[in-house]
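Order of the sequence lines sets the chain letters (A, B, ...), proteins ahead of strands, with each chain counted from 1. Only this structure's heavy atoms are used, side chains among them; waters, hydrogens and symmetry mates stay out.
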Protein chains: 2
Amino acid sequence: MTAEPPVPATGDTAGEPAQRRRRDAAETRQLLLDAARQRFARDGYAATTVRDIADDAGVNVALISRYFTSKEGLFEACLRAAGDELRRTTGQTPADRVPEAIARHIADLGAAGLSSQLSLLLRSSGDAGADEIRRGVLVRSSEQLAAARGWRPGEPGSEQLLLRAQMALAAGIGVAVLRSSIQLQPLSSATEQDLVGPLRDLVDALLPPH
Amino acid sequence: MTAEPPVPATGDTAGEPAQRRRRDAAETRQLLLDAARQRFARDGYAATTVRDIADDAGVNVALISRYFTSKEGLFEACLRAAGDELRRTTGQTPADRVPEAIARHIADLGAAGLSSQLSLLLRSSGDAGADEIRRGVLVRSSEQLAAARGWRPGEPGSEQLLLRAQMALAAGIGVAVLRSSIQLQPLSSATEQDLVGPLRDLVDALLPPH
DNA sequence: ACTAGATGTAAACGTTTGCTGACTTAGCCA
DNA sequence: TGGCTAAGTCAGCAAACGTTTACATCTAGT
């Protein structure tokens, strides 16, 4: 459904961040989105309750239904945000800088970290619509990654390259989850510097620079 | 009434021999275990209901509490079974055959497949005890994997090797999940032969044969 | 200043969840 | 056979879930 909540009238007094309104639909929406992304990424969809999210955001539960129609709608919004972020990374990164970019994503364990957006991508919601969004995000990201190493759609024999790009993506997501969600040591406490070397080896082995 | 040993120790899953006891605690336990492993791996812990599991196993719900105390107890039992299986693979495999072994695990997409046991390892239950078991399984498996490439506990500078082994494990689990749970194409329909090559490159890059 | 609509609140709805206790039935031995 | 115990069934509880409804309060435009 394209159920759009009452459009947050942010058009007024644009570019006025200093003046924080006490009632700001756009800000409330964003608070919910941030809280939900963290919860969904860390605990999974089913284990996360809408009351948890609302409490984290410091906001009333009913506003989830108001702004995102339902819990599923909120999850889909999180997926889209994570997909945009990921595509931005894999898209506008020079081919030889991909391992560093992935390492930066994975290493960022902060509360609002990019790592949680990676973990989000393998949390299933049980909702068919969300699954489709997630697949689309992953397909596009892996295609961008493969393209950076010479893959062209439909080219014979290039299926192998796409497969290898997807495995590299899977590896990155796996590392992100074992770090943030499972908290496996010493992987969990490794720094970005610790990760970038092995990741470079990994990516270069799967996708040889051409 | 033909006398039958009290515990037939049934090993088969589907094959229904004519002489199946109508009341067999050991078999019922195993039916529940198999059904639970599949459900937990595919849908996650929180999204799986005990009624779902019982229905899949063709067994009454109350028997879960009887045989496994609780839903969490059943999950922990699944985790232990998956851990034994994984440790058996990483443990008694020659160092240079590790990629093949991992590929075999990942490629097995059957209903009672080994792949689902890999996916199980990154499903969180929200239970502290289960999380500890999972961490233990992953730590031991990664140590075995690292040891096969020369890692020795406590040796200075070998932390790097363990880290790389955990990343290889993470990569394998990530691939398994994207294949079975997310169903990402073409990764999902790749055969064992398709996977073993890239996996060999991946493992060798992370853990150079010494 | 007044009002209409946007924004937020509180409480409850109906459903589903994991789990339990009392019950019935099958299997086995004396 | 009779009877005792293991194995399985059944109905239902209390809590938690997502969602909705009715209401209160703030903000913006006139």
Side-chain angles (χ1 to χ4, degrees), chain A residues 1 3-14 16 19-32 35-36 39-40 43-78 125-127 130, chain B residues 1-8 10 19-32 35-36 39-40 43-78 125-127 129-130:
Chain A
M1 306 298 196
E4 202 58 27
V7 172
T10 65
D12 50 61
T13 68
E16 200 92 15
Q19 185 91 350
R20 154 101 191 268
R21 292 208 327 224
R22 290 169 58 193
R23 292 190 163 197
D24 187 331
E27 170 156 352
T28 300
R29 235 188 91 104
Q30 192 59 47
L31 284 174
L32 282 172
R39 280 277 183 181
F40 284 145
D43 304 333
Y45 178 84
T48 300
T49 73
V50 289
R51 287 175 173 86
D52 288 339
I53 298 173
D55 287 353
D56 284 357
V59 147
N60 192 280
V61 203
L63 298 180
I64 289 179
S65 297
R66 185 196 288 280
Y67 290 131
F68 300 96
T69 309
S70 66
K71 183 188 181 187
E72 278 182 4
L74 176 54
F75 183 72
E76 293 187 9
C78 290
S125 70
D127 172 42
Chain B
M1 292 178 281
T2 53
E4 201 62 27
V7 176
T10 65
Q19 57 173 65
R20 145 115 195 258
R21 289 213 341 213
R22 293 165 57 188
R23 293 190 164 197
D24 187 330
E27 170 156 352
T28 300
R29 234 189 92 103
Q30 191 60 47
L31 284 174
L32 282 172
R39 281 278 183 180
F40 283 146
D43 304 332
Y45 178 83
T48 300
T49 72
V50 291
R51 287 174 172 85
D52 288 338
I53 298 173
D55 287 352
D56 285 356
V59 146
N60 192 280
V61 203
L63 298 180
I64 290 179
S65 298
R66 185 196 285 282
Y67 291 133
F68 300 96
T69 309
S70 66
K71 184 189 181 186
E72 278 182 3
L74 177 55
F75 183 72
E76 293 187 6
C78 290
S125 69
D127 172 44

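- Nearest nucleotide to the side chain of B/Thr49, out of C/dT17, C/dT9, C/dT7: C/dT17.
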Could I get a table of every N or O pair under 3.5 Å where one atom is in the protein and the other is in nucleotides 12-14 of chain D?
unit_1, atom_1, unit_2, atom_2, d
D/dG12, O6, B/Arg51, NH2, 3.3

Between the protein and nucleotides 22-25 of chain D, list every N/O to N/O distance that falls short of 3.5 Å.
unit_1, atom_1, unit_2, atom_2, d
D/dT25, O2, A/Arg23, NH1, 2.8
D/dT25, O2, A/Arg23, NH2, 3.4

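- Put simply, the residue from B/Val61, B/Val59, B/Thr48 that forms a side-chain contact (heavy atoms from CB on, under 4.5 Å) with B/Ile53 is B/Thr48.
- When each of D/dT21, D/dG8, D/dC10 is scored by its nearest atom to the side-chain atoms of B/Ala62, the top-ranked nucleotide is D/dC10.
- Classification of the A/Phe40-A/Tyr45 ring pair by plane angle, with boundaries at 30° and 60°, yields parallel.
- Between A/Tyr67 and A/Arg29, the shortest heavy-atom distance links the atoms O-NH1, 3.4 Å.
- In this structure, the CG atom of B/Leu63 is 13 Å from the C1' atom of C/dT20, given to the nearest Å.
- Minimum atom distance to the side chain of A/Tyr67 is reached by C/dT7, of the listed D/dT19, C/dT7, C/dG21.
- Summarising the geometry, the separation between CZ on A/Phe75 and C1' on D/dC17 is reported as 18 Å, rounded to the nearest angstrom.
- Here the closest heavy-atom approach between residue B/Ala36 and residue B/Cys78 is recorded as CB-SG, 3.7 Å.
- Rounded to a whole Å, the NZ atom of A/Lys71 is 13 Å from the C1' atom of C/dT16.
- Listed candidates were D/dA7, D/dG18, D/dC10. Nearest to the side chain of A/Val50 is D/dG18.
- The side chain of B/Thr28 places an N or O atom within less than 4.0 Å of a non-bridging phosphate oxygen (OP1 or OP2) of D/dG8.
- Atom pair B/Ile64:CD1 and C/dC19:C1' shows a separation of 11 Å (rounding to whole Å applied).
- Following rounding to the nearest Å, A/Leu31 (CG) and C/dG8 (C1') show an atom-to-atom distance of 13 Å.
- Regarding A/Leu32, its CG atom lies at a distance of 14 Å from the P atom of D/dG18, rounded to whole Å.
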May I have the step-by-step check of side-chain contact (heavy atoms from CB on, under 4.5 Å) for B/Thr49 and B/Lys71, ending in yes or no? CA-CA 9 Å; B/Thr49 72; B/Lys71 184 189 181 186; 6.0 Å; no

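- Within the 4.0 angstrom heavy-atom criterion, no nucleotide atom of any strand lies near B/Val61.
- Distance, A/Phe68 CZ to C/dG8 C1': 15 Å, rounded to whole Å.
- The closest donor-acceptor contact from the side chain of B/Thr69 to the backbone of B/Ser65 lies at 3.5 Å or more, if one exists at all.
- For the atom pair CG of B/Asp127 and CD of B/Glu76, the computed distance is 5.5 Å after rounding to the nearest 0.5 Å.
- When rounded to the nearest whole Å, the span between CG of B/Asn60 and P of D/dT9 equals 5 Å.
- The minimum heavy-atom distance between A/Ala54 and A/Leu32, with the atom names listed, is CA-CD2, 4.3 Å.
- Among all heavy-atom pairs drawn from A/Leu31 and A/Ala57, the shortest one is O-CB, 3.7 Å.
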